[in-house]
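Every number for a ligand or one of its atoms is a count from 1 in the order of the listing. Count residues from 1 along the sequence.
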Amino acid sequence: MMDERTMNAALDHITPPGDAELAAMDAWWRAANYLNVGQIYLMANPLLKEPLSAAHVKPRLLGHWGTSPGLNLIYVHLNRLIRKYDLDCVYMAGPGHGGPALIANVWLEGSYSEFYPEITRDEPGMLRLFRQFSTPGGVPSHVSVPTPGSIHEGGELGYVLVHAFGAVMDNPDLIVAAVVGDGEAETGPLAGSWKSINFINPARDGAVLPVLHLNGYKISGPTVLARHSDAELAKFFEGLGYAPVFVEGDDPAAVHRAIATVMERAVLDIRAIQATARAEGVRARPKWPLIVLRTPKGWTGPAIVDGVQVEGTFRAHQVPVSEVKTNPAHLGILETWLKSYRPDELFGADGTLAPAIAALAPVGKRRMGANPQANGGLLCKPLTLPDYTAYQVDIGAKATKKLESTRIFGGYLRDIYRANPETFRLFCPDETNSNRLGAVFEVSDRCLVSEILPGDDHISPEGRVMEVLSEHCCHGWLEGYTLTGRHGLFATYEAFAMVVDSMAMQHAKWIEHGCRVPWRAPIPSLNYLLTSTCWRNDHNGFSHQGPGFIDTIIHRKASVSRVYLPPDANCLLSVADHCFASRNYLNLIVIDKQPQLQWLTMDEAKAHCAKGASVWEQYSSQPKQPDIVLACAGDIPTLETVAAAWLLRRHAPGLKVRVVNVVDLMRLSPPDRHPHGMSYADFVEVFTVNAPVLFAFHGYPGVIHDLMHGRAAHDRFHVRGYLEEGTTTTPFDMVVLNRMSRLHLCIDVLRYVPGALTENAQLVETCNALLGEHEAYTREHFDDLDEIKNWVWSD
Ligand SMILES: Cc1ncc(C[n+]2csc(CCOP(=O)(O)OP(=O)(O)O)c2C)c(N)n1
Ligand SMILES: [Mg+2]
């Protein structure tokens, strides 16, 4: 922690900008505000060379003015410090709806025109900049993927801090200035992410400078934090471990002066904290600076419209003066507003920025729009992946050995950590041990930059296993980490992955859009390992059962969505190796952590995973011309399916059964809907032309029907899966409750194969009797029948 002496020394170094520099900075701010308003309103006459007329105004007025002056103010002050201290700085706008603000600034600094040469730095370019904003064929209204310097869209509010903190992990020189909207600060994820400083090690990580922007309002109401006094806010943030500093005002000159000093001090504090930690080691959690900025919403915009106060109120949130095309008074307000920025002082007659203002921009990659950290694929180094086959399981006689597959995978993960000491992290809501991944602790501790007690297990500030009981933090940090070009894995209980459904959806949109922006380099995929699955939460019960995250991923664009259901350890290793080497995907891997039968040798697993779906001849009674295909995807469905095939061999030997396993779920899609979709020929090879298919699936049955939509074979697929039945019970009871047990599958097979029911009536009785026995036994002995529990394959 920085002591008072260091702090004062930092203060001594502050040299506030002089009057001339402040005047130039104010001019930059006015220019950015002007460009903001221009983007929202104008489709012609960008420099107001003619009197403003209705014809110059866009027919649909879109965009958010209210947040923008604050975002612009912060931008120009960061620029000063970037130049002064040669900072490696990225800007993240929590209120990403302030898209026109960021676009204005990157245009002013010149980076925009480098990415988009047609948007020149002159009058024609300015006009194109205005015309493209929020118009058909143009650019979106938020700080979206096409915005240079952005790795945070901020459309769905709440994630700016987690993205910022993820970006600075293992990025010692990076500072992310993260603007938090006061409305955004009310969201659960944002409110839950202040704690991220407990996981930032100043010796090896960079720093986040949060700027809480209290403009007082969200869309049409006040914000909670803005109505708290400074004294209350100081206590709140001090309690969280920050050193908050306050800037407040509505007089531009005074605010410029105040924020310049406060921001410079914050940067020096950050540097002092880092210098101390880097020289002396990390002794305690530093008190990181945090700026609270109170300025009016829609500052410098129209004060009063139609007799109603707009500036400084919620009414300034979006377009503060509307119906400009049809209301001459409003047109007049707009013209006066635009002219209040004195554009003739800011831009030459040709639209180029006045040299004294342009000189405020940092140069080259230090410009926030050109910082490669915000195009992290450029900085990305491939992971050094150990040979995954070295961790293979010797399965012995097939399907006779039970192992915890994720524990095997843990060994592989440990060695990925070892081989990539600065570019790989595991993110997990304190379930690393529970998920059987504890081998990573042989190489790295859990990270905590706070008090550590003698009894703590593998906890240190140097740790790089990120355990925080917040799925939002885990997901958001990993997003920030991968968006800046590094690699990782989010491992979590299956049911609680749905806590971050929406984050996954937003990130998928980002990646997908990124694929269509030519200058965005591919980033490492976001990898999920879901364990503790719905089928094996017999100990936790119903609340812990929910396979719906699969639904979330399959509904994302085919270019980014990948879902894998490895049935055993060797398949898990093969799938994971593929995922870790990939770019620009959301890779979902689902496998339970409990001891489970091992089906395939490593060579078989490799071949199976390469195909994504294949016939398991070794478990089929008649793989060539079957009466029925028993298909499965997921570990427990695989167990029930193979056990059903085994029962059928014994009790209905005349029945020809083919067992198929699907490890890559997207193979089921028609090839025109997903790049992994099986061709018709491959599909027929696996599922035959016309045999009925009984499909045991890990998740909700509708997923399979959904994926298969468009295949001619749809009608002959009968899917069993999770039916939202569960409780605290035995493992086998879970599959019984959901009617996916081997016994149910056997009865279903007889129903779907013509004539089989009459020929094998005895088997139906046997299955029903066993189901009855199961019911009675479990209710009496609280355990599964031995013949179920101890079942292994035998030829
Ligand atoms: C999670 C989420 N909920 C709701 C919205 C809709 N929304 C867009 S802007 C906004 C108000 C934001 O207020 P604030 O964060 O204070 O931003 P600013 O005042 O700077 O515009 C809301 C509720 C959203 N974008 N994201
Ligand atoms: Mg606000």
Side-chain angles (χ1 to χ4, degrees), residues 32-33 36-37 39-40 62-75 91-105 134 140-144 150 152-164 177-194 210-228 233 247-248 250 255 259 291-301 309-320 470-473 475-476 479 498-507 509-510:
N33 287 339
N36 242 112
V37 186
Q39 288 176 79
I40 295 172
L62 301 172
H64 292 75
W65 163 247
T67 192
S68 298
L71 296 178
N72 292 333
L73 181 85
I74 295 161
Y75 204 99
Y91 191 115
M92 290 196 196
H97 41 279
L102 274 295
I103 292 171
N105 282 288
S134 281
S141 63
H142 284 61
V143 190
S144 48
S150 166
H152 173 80
E153 135 121 26
E156 182 168 288
L157 295 164
Y159 313 132
V160 70
L161 283 180
V162 284
H163 287 167
V179 184
V180 180
D182 46 357
E184 176 182 28
E186 293 176 16
T187 64
L190 196 291
S193 52
W194 295 111
V211 183
L212 174 63
H213 187 206
L214 301 181
N215 60 18
Y217 298 91
K218 29 196 194 273
I219 293 182
S220 47
T223 60
V224 169
L225 289 183
R227 300 290 164 103
H228 279 254
L233 293 178
V247 177
E248 178 173 1
D250 59 4
V255 174
I259 196 171
I291 297 174
V292 180
L293 175 66
R294 280 191 203 263
T295 54
K297 189 145 184 170
W299 194 16
T300 71
Q309 181 70 32
V310 173
E311 185 189 17
T313 78
F314 65 87
R315 293 187 185 86
H317 180 64
Q318 287 196 11
V319 175
S470 161
E471 285 76 9
H472 290 115
C473 284
H475 200 283
E479 283 180 62
M498 279 184 286
V499 169
V500 292
D501 258 9
S502 201
M503 294 183 85
M505 183 174 78
Q506 296 295 334
H507 190 60
K509 287 177 197 286
W510 180 279

Asker: Please report whether ligand 1 has a polar contact with D182, defined as an N or O pair separated by less than 3.5 Å (distance criterion only).
Answerer: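 Among all N and O atoms of D182, at least one is under 3.5 Å from an N or O of ligand 1.
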
Asker: Measure from the Mg ion (ligand 2) to every N/O/S atom of D182 and report the name of the nearest one.
Answerer: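 Looking only at N, O and S atoms of D182, the one nearest the Mg ion (ligand 2) is named OD1.
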
Asker: Judged by atom type as modelled, is there a donor-acceptor pair below 3.5 Å linking the side chain of Q39 to the main-chain atoms of P100?
Answerer: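 Yes, because the side chain of Q39 sits within donor-acceptor range (under 3.5 Å) of the backbone of P100.
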
Asker: Looking only at protein heavy atoms, identify the closest one to atom 21 (O) of ligand 1 and say how far it is in Å.
Answerer: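 For this ligand atom, the closest protein heavy atom is H97 NE2, 2.7 Å.
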
Asker: Check this for me - ligand 1, H213, N or O atoms closer than 3.5 angstrom, yes or no?
Answerer: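 There is no such contact.
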
Asker: Please write down residue, atom name and distance for the protein heavy atom closest to atom 26 (N) of ligand 1.
Answerer: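 The protein heavy atom lying closest is L157 N, 3.1 Å.
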
Asker: Can you tell me the protein heavy atom closest to atom 14 (P) of ligand 1 and the distance?
Answerer: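 The answer is G183 N, 3.3 Å.
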
Asker: Looking only at distance, does E156 have an N or O less than 3.5 Å from an N or O of ligand 1?
Answerer: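 No: no nitrogen or oxygen of E156 is under 3.5 Å from one in ligand 1.
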
Asker: Using a 4.0 Å cutoff against the non-hydrogen atoms of E184, which atoms of ligand 1 qualify?
Answerer: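 Within the 4.0 Å cut-off of E184, ligand 1 contributes 14 (P), 15 (O).
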
Asker: Counting backbone and side-chain atoms alike, is an N, O or S atom of E184 positioned under 2.8 Å from the Mg ion (ligand 2)?
Answerer: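 Of the N, O and S atoms in E184, none lies under 2.8 Å from the Mg ion (ligand 2), which means no.
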
Asker: Where does H317 meet ligand 1, judged by heavy-atom distances below 4.0 Å: at the side chain, the backbone, both, or neither?
Answerer: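 It is the side chain that touches ligand 1; the backbone stays farther off.
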
Asker: Hey, is the main chain of W65 close enough, under 3.5 Å, to the side chain of K297 for a donor-acceptor pair?
Answerer: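 Absent.
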
Asker: Has T223 got an N, O or S atom lying less than 2.8 Å from the Mg ion (ligand 2)?
Answerer: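 No N, O or S atom of T223 is closer than 2.8 Å to the Mg ion (ligand 2), so no.
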
Asker: Near K218, which atoms of ligand 1 are under 4.0 Å from a heavy atom of that residue?
Answerer: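 Once the distances to K218 are compared, the set is 11 (C), 13 (O).
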
Asker: Does K297 come within less than 4.0 Å of ligand 1, judged by its heavy atoms?
Answerer: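 Under 4.0 Å: yes for K297.
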
Asker: By number and element, which atoms of ligand 1 are closer than 4.0 Å to a non-hydrogen atom of N215?
Answerer: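 Going through ligand 1 atom by atom, the ones under 4.0 Å from N215 are 18 (P), 19 (O), 20 (O).
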
Asker: Look at the N, O or S atoms of Y217, main chain and side chain alike, and state whether any lies under 2.8 Å from the Mg ion (ligand 2).
Answerer: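 Checking the Mg ion (ligand 2) against Y217, an N, O or S atom does fall under 2.8 Å.
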
Asker: Using 30° and 60° as the class boundaries, would you call the ring planes of H472 and Y159 parallel, tilted or perpendicular?
Answerer: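 Rings of H472 and Y159: parallel, as their planes differ by under 30°.
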
Asker: Stepwise, does the side-chain contact (heavy atoms from CB on, under 4.5 Å) test hold for Y91 with I74?
Answerer: CA-CA 9 Å; Y91 191 115; I74 295 161; 3.8 Å; yes

Asker: Heavy-atom contacts with P95 under 4.0 Å: which atoms of ligand 1 show up? List them by number with element.
Answerer: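 Answer for ligand 1: 17 (O), 20 (O).
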
Asker: Starting from atom 6 (C) of ligand 1, what is the nearest protein heavy atom, named by residue and atom, and what distance separates them?
Answerer: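 Here the closest protein heavy atom is I219 CD1, 4.1 Å.
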
